[in-house]
*Asks:* 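Mind looking over this structure? Questions follow.
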Amino acid sequence: MPELPEVETVCRDLRSLGLVGKCIESVRIFRERIVSAPSCATFSANLTGAVIASITRRGKFIVMALDDGRFLLTHLRMTGSFSPRLKDTPEGLYDRVRLGFHDLDLVYQDPRAFGRMWLVQSLESVLGKLGPEPFDPALTTRVFHTRLHMHHKMLKSLLLDQEFLAGLGNIYSDESLFEAGLHPKRESDSLLPEEADRLLTAIRMVLDSSISQGGTSLGDGVGNFTSNGHAGTNSMQLRVYQRTGQACVRCGQPIERIVLGQRGTHFCPHCQTLTGEPIAGQVRPF
DNA sequence: AGAGCTGTTACCAA
DNA sequence: TTTGGTAACAGCTC
């Protein structure tokens, strides 16, 4: 379920585990469909003996650069997670892939098994179509506005499109639109430069704030996002996501839930107008 | 017990 | 090009 802030948190956790510089001594695959490419046999054979040179993030992908120039990519999809495991501990119910290091194992767990891994020579084949990183300085307001006008699409759908912008999912799309005061159904090519600026600023603020909270954990069931075994605390900061019927923190009106593009969409019908007209009444600033 | 929901994405049809 | 439906899979909530 991880979006950009959760994946960023996972990368930091993996680095703090001390994996950078360590050799992958063994590879065990318990659910073959997790390995997208190459074949499982080749994946295991070619990954064994490689040393992890760095661990970074691109969109919602975890990028482990290896010392031989190849890359181990992981996408957690809905319920994927990494956990350190003492060596010789038994296989867990949702363990899908297990990497053995000299002093510990790293287990990829995934109850729904939607997540995927790739071992590739170049990033292009998997990451090539991804849109810009939200924090890329080259993504100026002007560029963002231009990109918005390249599509005639509802803002909510466009923000979920990883080829438009890399890293947003359902939570942060809704939160960013609220923060920007824009209706989820607003057409992307109708935004004024000032509105595009507000949206980009909101996206960066919402993501940055969540990263500083260690990401968003919802509930405590299996597959829920955690960091170092602990829940991220950003759920406390959510303004609209999963707050259907509750009072808007800005104007007090009830938050509404609709379905757009098959995804639950939460917004304040009073603060997020379709027309972009100024909001009447007593409200707090965004 | 059963129906409907879920943080993601790929694919197909219209 | 865009939206909508379905699918992968399993757990959670009501």
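Proteins get letters first, then strands, A, B, ... in listed order; numbering begins at 1 in each. Values in this document were obtained by computation on a predicted structure and should not be read as measured data.
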*Asks:* Report the distance from atom OH of A:Y108 to atom P of C:dC9, rounded to the nearest whole Å.
*Replies:*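 It is 14 Å, rounded to the nearest whole Å.
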
*Asks:* Using the P atom on both, measure C:dT1 against B:dT8 and round to a whole Å.
*Replies:*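 The answer is 24 Å between these two P atoms.
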
*Asks:* Rounded to whole Å, how long is the line connecting atom CZ of A:R31 with atom P of C:dC9?
*Replies:*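 Nearest whole value for this atom pair: 7 Å.
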
*Asks:* How does DNA chain C look in dot-bracket notation if pairs are Watson-Crick or G-U with both distances under 3.5 Å, crossing ones as [ ], other-strand ones as |?
*Replies:* .|||||||.|||||

*Asks:* Counting only non-hydrogen atoms, which of residues 111-124 of chain A are less than 4.0 Å from DNA chain C?
*Replies:*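 Heavy-atom contacts with DNA chain C come from A:P111, A:R112, A:F114.
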
*Asks:* Answer yes or no: is there an ion pair linking A:R77 with A:D110, defined by an N-O contact shorter than 4.0 Å?
*Replies:*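 Salt bridge absent between A:R77 and A:D110.
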
*Asks:* With side chains defined as the heavy atoms from C-beta onward, is the minimum distance between A:L17 and A:F82 less than 4.5 Å?
*Replies:*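 SC-SC contact between A:L17 and A:F82 ruled out.
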
*Asks:* Among A:T265, A:V240, A:L155, exactly one meets side chain to side chain contact (heavy atoms under 4.5 Å, CB included) together with A:L177. Which residue is that?
*Replies:*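 Exactly one option meets the side chain to side chain contact (heavy atoms under 4.5 Å, CB included) with A:L177, and it is A:L155.
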
*Asks:* Answer yes or no on whether A:R147 is positioned over the face of A:F164, meaning its NZ or CZ is under 6.0 Å from the six-membered ring centre and within 45° of the axis.
*Replies:*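 So A:R147 does make the cation-pi contact.
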
*Asks:* Identify the residue among A:M205, A:Q237, A:R239 that makes a side chain to side chain contact (heavy atoms under 4.5 Å, CB included) with A:E175.
*Replies:*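 For A:E175, the side chain to side chain contact (heavy atoms under 4.5 Å, CB included) test succeeds with only one of A:M205, A:Q237, A:R239, which is A:R239.
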
*Asks:* Run the salt-bridge test on A:E91 and A:R98 with the 4.0 Å N-O cut-off and return the result as yes or no.
*Replies:*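 Looking at A:E91 and A:R98, the cut-off is not met.
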
*Asks:* Can a salt bridge be assigned to the pair A:D103 and A:K22 using a cut-off of 4.0 Å between side-chain N and carboxylate O?
*Replies:*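 Salt bridge flag = yes for A:K22 with A:D103.
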
*Asks:* Write down the protein N/O and nucleotide N/O pairs, taken from nucleotides 3-6 of chain C, whose separation is under 3.5 Å; answer none if there are no such pairs.
*Replies:*
residue	atom	partner	partner atom	Å
C:dT3	OP1	A:M154	N	3.4

*Asks:* Verify salt bridge (charged side-chain N to carboxylate O under 4.0 Å, His left out) between A:K153 and A:E187, making sure each step is shown before the conclusion.
*Replies:* CA-CA 5 Å; A:K153 210 171 166 181; A:E187 301 286 2; over 6 Å; no

*Asks:* Please report the distance, rounded to the nearest Å, between NE2 in A:H266 and P in B:dC5.
*Replies:*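 To the nearest whole Å, that distance equals 12 Å.
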
*Asks:* Taking ILVMFWY side chains as joined if any heavy atoms are under 4.5 angstrom apart, and letting links pass through other members, which residues group with A:L127?
*Replies:*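 Reading the cluster by chain and number, A:L127 sits alongside A:F61, A:V63, A:F71, A:L73, A:W118, A:V120, A:L123, A:V126, A:L130.
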
*Asks:* Keeping to residues at least two apart or across chains, list the side chain to side chain donor-acceptor pair (under 3.5 Å) pairs with something in residues 60-69 of chain A.
*Replies:*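 The answer is A:D68-A:R70.
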
*Asks:* In whole angstrom, give me the gap between the C1' atoms of B:dG7 and C:dT3.
*Replies:*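 Each nucleotide's C1' atom is 22 Å from the other's.
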
*Asks:* Check this for me, if you would: do A:E195 and A:R186 make a salt bridge, where the nitrogen-to-carboxylate-oxygen distance has to be below 4.0 angstrom?
*Replies:*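 Looking at A:E195 and A:R186, the cut-off is met.
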
*Asks:* Using a 4.5 Å cut-off on heavy atoms from C-beta on, say whether the side chain of A:T216 contacts that of A:T233.
*Replies:*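 A:T233 does not reach A:T216 side chain to side chain.
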
*Asks:* Would you mind reading off the distance between A:Y172 atom OH and B:dG7 atom P, rounded to a whole angstrom?
*Replies:*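 Distance, rounded to whole Å: 12 Å.
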
*Asks:* Measure CG/A:L218 against P/B:dC5 and give the value in whole Å, please.
*Replies:*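 Distance, rounded to whole Å: 17 Å.
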
*Asks:* For B:dG4 versus C:dG5, give the span between their P atoms, rounded off to a whole number of Å.
*Replies:*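 The same atom, P, in both gives a distance of 15 Å.
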
*Asks:* When you measure from the side-chain N and O atoms of A:Y241 to the phosphate of B:dG7, is any distance below 4.0 Å, counting only OP1 and OP2?
*Replies:*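 The answer is yes; a side-chain N or O of A:Y241 sits under 4.0 Å from OP1 or OP2.
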
*Asks:* In whole Å, I'd like the distance from the CD atom of A:E3 to the C1' atom of B:dT6.
*Replies:*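 Result: 12 Å.
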
*Asks:* Please tell me if the side chains of A:F225 and A:T79 come closer than 4.5 Å, counting only heavy atoms from C-beta onward.
*Replies:*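 In short, these two side chains do not touch, never coming nearer than 4.5 Å.
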
*Asks:* Rounded to whole angstrom units, what separation is found between the NE2 atom of A:H149 and the P atom of C:dT2?
*Replies:*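 Value for this atom pair: 14 Å.
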
*Asks:* Rounded to the nearest Å, what distance is computed from the CG atom of residue A:L93 to the C1' atom of nucleotide C:dC9?
*Replies:*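 Taking atom C1' of C:dC9 as the reference, CG of A:L93 is at 13 Å.
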
*Asks:* Regarding A:D95 and A:R28, does a basic nitrogen lie under 4.0 Å from an acidic carboxylate oxygen?
*Replies:*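 No salt bridge links A:D95 with A:R28.
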
*Asks:* Listing time: all N or O pairs from protein to nucleotides 9-11 of chain B that are below 3.5 Å?
*Replies:*
residue	atom	partner	partner atom	Å
B:dT9	OP1	A:H75	NE2	2.5
B:dT9	OP2	A:K60	NZ	3.0

